[in-house]
Amino acid sequence: MRWAGLLIGALAMSQAAAAEPSAASEAAGNDRLADLIVRMIPLGPQFDAAAAADPRWPLQSIAAEDLKPQWLSCAREKLSTRGYREFRRAEMADYAKTYPQLVDADLAVLSAGAADVFAKLSDLAIEAGKKHPGASDSKALLQQVIATTDPRQHEAVTAFVSRDEHQLLRRLTGIESVYGNFPNAKELFGDGIVQGVMREAVESCQIPKYLFSRPASG
């Protein structure tokens with residue numbers, strides 16, 4: 001009986017040891033996916049710039065007498081380069097846990113060039129939105145970026161925006177309609193994506209939502 005117990009214990013230890021590299025590999029894959037999404041949609045520097053320009057951002061719409069310092073510090077941490085990266089990391093971990101069968105294909109197409117193409121597109125869209133709010137043409141911007149891609153990147157971005165296996169990730173990142181009707185850059189890299197990050201920050205920092213509907217006094 002003693003030998004049987006030792007054998008069972010040894011088998012359990014070997015199974016645990018075998019599982020550790022798998023778990024580490026999955027975590028590394030999730031981090032890689034998060035890094036690619038952050039590169040595709042680089043909101044961190046935009047948040048940092050907004051925070052530097054306004055000490056009450058992003059809660060400037062809350063009346064001064066209602067605003068608690070801990071809410072502001074929490075929201076500014078969440079809406080920063082580091083906070084945005086952590087948001088995407090948690091988001092991708094949940095995505096990978098729910099849809100593990102899709103992660104490898106997503107990583108492959110993003111790493112092959114789709115992430116780089118969208119990074120260029122997002123930079124152009126953000127700058128165009130600053131210069132001409134509501135008037136920039138994202139389809140034209142996309143064509144401009146596509147014209148500078150090599151065949152591998154072109155194939156990768158076409159696969160990402162068109163194949164069903166990437167639909168859930170497109171929807172999650174907010175760029176599902178990249179080849180649909182999006183008349184301006186704000187719709188592609190603007191309010192929808194930012195609102196998702198803002199919503200998570202408000203909920204995580206436990207800021208009462210009704211305060212945003214009150215008129216700010218300062």
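A donor-acceptor contact shorter than 3.5 Å is absent between the side chain of S204 and the backbone of A201. Between the side chain of Q153 and the backbone N or O of D150, at least one donor-acceptor pair lies under 3.5 Å. Judged purely by atom type and a 3.5 angstrom limit, T158 has no side-chain atom pairing as donor or acceptor with the backbone of E155. Not one N or O on the side chain of S122 forms a donor-acceptor pair closer than 3.5 Å with the backbone of I41.
In this structure, the side chains of M92 and R32 stay at 4.5 Å or more apart for every pair of heavy atoms. Side chains of D31 and R89 form a contact here, defined as non-hydrogen atoms less than 4.5 Å apart. Between R85 and D35 there is a side-chain heavy-atom pair separated by less than 4.5 Å. Looking at F212 and I62, their side chains come closer than 4.5 Å, going by heavy atoms from C-beta outward. Contact annotation: the side chain of F118 approaches that of V161 to within less than 4.5 Å [non-hydrogen atoms, C-beta and beyond]. Under the 4.5 Å side-chain criterion, counting only non-hydrogen atoms from C-beta, L124 is in contact with V145. In this structure, the side chains of L36 and R39 come closer than 4.5 Å at one or more pairs of heavy atoms.
Taking CD1 of I37 as the reference point, atom CZ of F87 lies at 11.0 Å (rounded to 0.5 Å). Atom CD of Q167 is separated from atom CG of L172 by 12.0 Å, given to the nearest 0.5 angstrom. Atom CG of residue L121 and atom CG of residue D123 lie 9.0 Å apart, to the nearest 0.5 angstrom. Rounding to the nearest 0.5 Å places OG1 of T81 at 3.5 Å from CG of D48. Between the CG atom of L79 and the SG atom of C205 there is a distance of 8.0 Å, given to the nearest 0.5 Å.
Surrounding NZ of K68 are at most 12 heavy atoms belonging to other residues, nucleotides or ligands under 6.0 Å away. Taking a 6.0 Å sphere around CD of E77, one finds it holds more than 12 heavy atoms contributed by other residues, nucleotides or ligands. The number of heavy atoms from other shown groups lying within 6.0 Å of CD (Q101) is above 12.
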Can you check salt bridge (charged side-chain N to carboxylate O under 4.0 Å, His left out) on E91 and R88, steps first, answer last? CA-CA 5 Å; E91 186 180 57; R88 288 299 188 187; 2.5 Å; yes

Let's go through L169 and L110 carefully: what are the C-alpha distance in whole Å and the side-chain angles of both, what is the deciding distance for side-chain contact (heavy atoms from CB on, under 4.5 Å) to 0.1 Å, and is it a yes or a no? CA-CA 11 Å; L169 187 60; L110 294 180; 4.0 Å; yes

Pair L102-H166, side-chain contact (heavy atoms from CB on, under 4.5 Å): steps then yes or no: CA-CA 8 Å; L102 301 178; H166 305 300; over 6 Å; no

side-chain contact (heavy atoms from CB on, under 4.5 Å) evaluation trace for V157 with T149: CA-CA 10 Å; V157 75; T149 61; 5.8 Å; no

Apply side-chain contact (heavy atoms from CB on, under 4.5 Å) to the pair F160 and R170, showing each step before the final yes or no. CA-CA 8 Å; F160 179 68; R170 292 197 303 270; 3.7 Å; yes

Intermediate values then yes/no, salt bridge (charged side-chain N to carboxylate O under 4.0 Å, His left out), E86 and K78: CA-CA 8 Å; E86 288 304 311; K78 293 288 183 181; over 6 Å; no

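Shortest non-hydrogen contact noted between Q206 and W71 is O-NE1, 3.6 Å. Here the shortest heavy-atom pairing between A63 and R56 reads C-NH2, 3.9 Å. Closest of all the heavy-atom pairs between A93 and N30 is CA-ND2, 4.1 Å. Of all non-hydrogen atoms in A156 and A114, the two that sit nearest each other are CB-N, 3.7 Å. Looking at every heavy atom in both residues, W57 comes nearest to A50 through CE2-CB, 3.5 Å. Of all heavy-atom pairs between A159 and V109, the closest is CB-CG2, 3.8 Å.
In this structure, a donor-acceptor pair under 3.5 Å is present between the side chains of D106 and Y95.
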